[in-house]
Amino acid sequence: MRELTRREFLTISGVSVITVASSNMRASENIAALPTPQSRGAAAKTGDTQKPWYAVMRRCGQINFNERDPIAMDVNAWADYWASLKVDAVLINGGGIVAFYPTQLPYHHRSEFLGSRDMFGEMAAALEKRKLHVVARMDCNYAYEEALKARPEWFERNRDGSPRKHNESTWLLKTCMFSPYFTEQMPAIYREINARYPVAAFFTNGWPSTGALSVCYCESCQKVYRETVGGTPPEETDAANPIYRKYYEVFMGRVLEVWKLWDSVAKEKRPDSVYVGNLGGGLRTVKNVKKLGEVAGWFNADHQGRAGDTVIWDCAQQGRVAQSVMKGRTITNVTGAYSNSRLTWRHTAKAPAETTMWMAQTTASGMVPWFHWLGGSPEDTRWREVGRSFFNWLAANEAHFRNKRSIADVAVLYPQNTIAFYKSGSGPGSWRGGDRAQTSDYLQGLYYALLEGRFVFDFVHQEDAAPELLKKYRALLIPNAAYLSDKQCEQIRDYAGSGGSVFATFETSRYNEWGGKRSDFALADLFGVSITGEAIGPLGNSYMRIEQRHPVVNAFDGTDLLPGPENRLPIRVSDSSPLTLSLVPYYPAFPPEMVFPRTPRTDEPAAVFKQKGASRIAYFAGDVDRTFWRSGNTDLSQLIQNVVRWVMGDGSPSVSVTGEGVAELFAWETEPGYALHILNYTNPNMTRGFLRRFYAIGPQKVQFDTAAKKKITNVRALRTGRDLAFKQRDRTVRFEVPTVVDYEVIALT
Ligand SMILES: [Zn+2]
């Protein structure tokens, strides 16, 4: 790479004169002092000078420049807009694919329309003037033909050696993360920007993501395959293949290496700067989010909206996945103000109700909203007020969004390995893994039942299920975590051994973390059952027969039969627990003449319920969670809710909200006290976007347990802006929320 030896002096309006030095010199040695974030940013506002600015950020915005924007971009108007949203930081395009400043670096393509402008510099100065942190939004994923000719080793290759073109903008070519583009060119660009501009963080669009691994055939990758992986990896996710498993480790290792390198480059100028990668994926992740969370100072979820039949709570789920690995450290979630859906329209606004509910889920789940528009000269400006009104409401109530910890008393195991790698079933009609929409269906079904039952819960990542972390929860719910390591099974057993309760389904613990099949459940002793054969299904028209009274089935008056799961494992009970739900095997559903049970009664349990001291164990041999998700069957939802209530024990839950409507709840201990978040999903567009309007739900009766001896003096509904009457007796505060239109946050102080 050509070294820059030329020195130049730039004047940045309103800031100071700084020196740009050679790219191989530590920029920090050459930069005159810039204003520190403590003197101007969010950290100063809270008086918390220990944490870097991004750790206390509450709101951010992004204007995504296009190459033509330098012709007409009004930087002051944009800076005024962002300032009017009271954001802490704004993301603006620095470079990578296109440089929006007069870069001196070779093969760093300047915007064709840049002319004599320095648009990044102008915008950075305009934001700086308004005391907003500037985050350089980069793109490391593509470069131009000119770079390909000069530095062919930077680019991804197909099997035949051809470079990989962008599918729409075919003049752009995909760069390879194993190549020096990531370790030399991108750091050189960061250093150039860091040296010239008052940048507080760097963000890369589209990298690394949480999705499936890519397989490239460039020289760097071939060398990695030869020397480290031991062969060329398969192009599809296949944890059964030892080469894939090795590649997964090597791939994750490279992602973390690049992340750490870029973070260290970002910090060369100021230690409170940070590199933030692009993650997201909602429930459906392949890359190890636990490991990504360990290197991330700030986790950005690029989960901008939903499409098609995606459920409205998709954004809250993103928050839960990210919280399971960040544990209160900064997570941002992007809301696309443009119409990102299937199809996507980049330059018209999304329905305001949809945009608002997405931002509401972001804040309810403890994430920081990041409001995003694309293109500097919008002809549709309807989105502006949608963001402004929500952000101004947030700013007015900011203290109540500073969470200290979740006060959920139920944990849901986030079964990442099963979601990423699960393959199950054999023979006709079996489903195969690799379809991530299906592997998350178990969790999705449990989730939907938890919403219907108004439970307050957290996700716990399967690699983070140590008993000391689980002990705050009354119960651990495990939606078919088929792929669990020996250690994780040991931790779950220890949790139950110390009095915790567990509800697990189907193939939970049948395989190790990579899908190696065990001869029996690793948790056979905990469940009190053993496997006697291969999974049966998918088959409809099977049943569960209620054999005797038990809290999980008492509410089912008027029936002895409940709908059965679509797939099940044949099991044998290893200790003598009474038969509560027995299996009625499949029989034909058509034609009506043939519809009668061939084996009306069996003594094989469909589920097992055990109690030992405070610990309650419920195990279902079938995929009741996934079957509920696929069928929408109300009995299955009720059954799952009953089981969750039973495993939680006899005491009342720490938070309960009763009333009409489908609502999602989050409860936090905050800096000033407590906050209960209620998201109203009651809407004909709950499972198919976009929301057109909101349908208010009526009175919600709340019972909320505080810490012992905490005296509550005020209960206020922040969205409607009024105080609520309440009663406190010992730890329990009772009040009624008269209505929830879209979202309500009740602050208890
Ligand atoms: Zn490569």
Side-chain angles (χ1 to χ4, degrees), residues 308-309 311 422-433 435 437-449 452 479-480 482 504-508 510 529 531-548 550 552-573 579-608 618-643 686-688:
D309 296 334
V311 291
Y422 188 42
K423 293 191 179 196
S424 183
S426 57
S430 70
W431 77 96
R432 304 302 302 179
D435 179 340
Q438 288 188 355
T439 56
S440 60
D441 281 353
Y442 310 89
L443 176 53
Q444 193 67 270
L446 173 64
Y447 200 100
Y448 188 21
E452 294 201 314
N480 189 35
T505 63
F506 197 37
E507 295 205 280
T508 293
R510 192 185 187 187
V529 298
I531 298 172
T532 58
E534 290 310 306
I536 297 163
L539 291 166
N541 206 46
S542 75
Y543 299 87
M544 296 184 276
R545 179 183 299 285
I546 299 172
E547 297 285 353
Q548 63 163 356
H550 186 281
V552 304
V553 293
N554 285 353
F556 293 107
D557 291 332
T559 180
D560 289 334
L561 284 186
L562 294 176
E566 190 177 19
N567 298 277
R568 67 178 171 89
L569 287 173
I571 56 163
R572 170 170 37 82
V573 180
L579 188 62
T580 302
L581 279 173
S582 66
L583 163 78
V584 180
Y586 156 84
Y587 48 89
F590 298 95
E593 293 85 340
M594 298 299 116
V595 186
F596 59 93
R598 305 310 194 262
T599 317
R601 270 208 124 85
T602 70
D603 57 6
E604 183 173 340
V608 174
Y619 168 74
F620 276 75
D623 58 351
V624 285
D625 33 23
R626 176 175 178 274
T627 304
F628 167 49
W629 181 243
R630 288 172 59 79
S631 66
N633 187 286
T634 51
D635 286 338
L636 287 173
S637 176
Q638 190 60 58
L639 181 64
I640 293 168
Q641 293 174 47
N642 292 350
V643 175
M686 182 174 83
T687 57
R688 183 172 174 80

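Predicted model only: the values in this text are computed from it and were never measured.
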message: Is it the case that the side chain of T602 and the backbone of L583 share a donor-acceptor pair, with hydrogens and angles ignored and the cut-off at 3.5 Å?
response: yes
Polar contact flag, side-chain donor to acceptor under 3.5 angstrom, T634-Q638: no
- request: Using atom types as modelled and distance alone, determine if a side-chain donor or acceptor of N567 lies under 3.5 Å from a backbone N or O of D623.
  value: no
statement: Here the gap from R630 atom CZ to L636 atom CG, rounded to the nearest 0.5 Å, amounts to 13.0 Å
query: How long is the span from the OG atom in S542 to the CG atom in L562, to the nearest 0.5 Å?
result: 11.0 Å
query: Is there a donor-acceptor contact under 3.5 Å from the side chain of N480 to the main chain of E507?
result: yes
Donor-acceptor contact present, side-chain N541 to main-chain P588, <3.5 Å: yes
- request: Verify, without hydrogens or angle tests, whether R598 (side chain) and F596 (backbone) share a donor-acceptor contact under 3.5 angstrom.
  value: yes
- prompt: If only atom types and distance count, is the side chain of R545 paired as donor or acceptor with the main-chain N or O of P600 below 3.5 Å?
  reply: yes
query: Between the main-chain N or O of F620 and the side-chain N or O of T505, is there a donor-acceptor pair closer than 3.5 Å?
result: no
message: Distance check, rounded to the nearest 0.5 Å: D625 atom CG versus L443 atom CG?
response: 8.5 Å
- request: Using the ring of F628 (Phe, Tyr or Trp, six-membered ring only), decide whether R626 places NZ or CZ under 6.0 Å from its centre and within 45 degrees of its axis.
  value: no
task: Measure the CG-CD1 distance between L561 and I546 for me, rounded to the nearest 0.5 Å.
output: 8.0 Å
message: Parallel, tilted or perpendicular: which one describes the rings of Y422 and Y442, with boundaries at 30° and 60°?
response: perpendicular
- prompt: Does the Y619 side chain pair with the main chain of F506, one donor and one acceptor, at a distance under 3.5 Å?
  reply: yes
Which atom of P565 lies closest to which atom of G622, heavy atoms considered: CG-CA, 3.6 Å
message: Give me the atom names and distance for the closest heavy-atom approach of P563 to M544.
response: O-CE, 3.1 Å
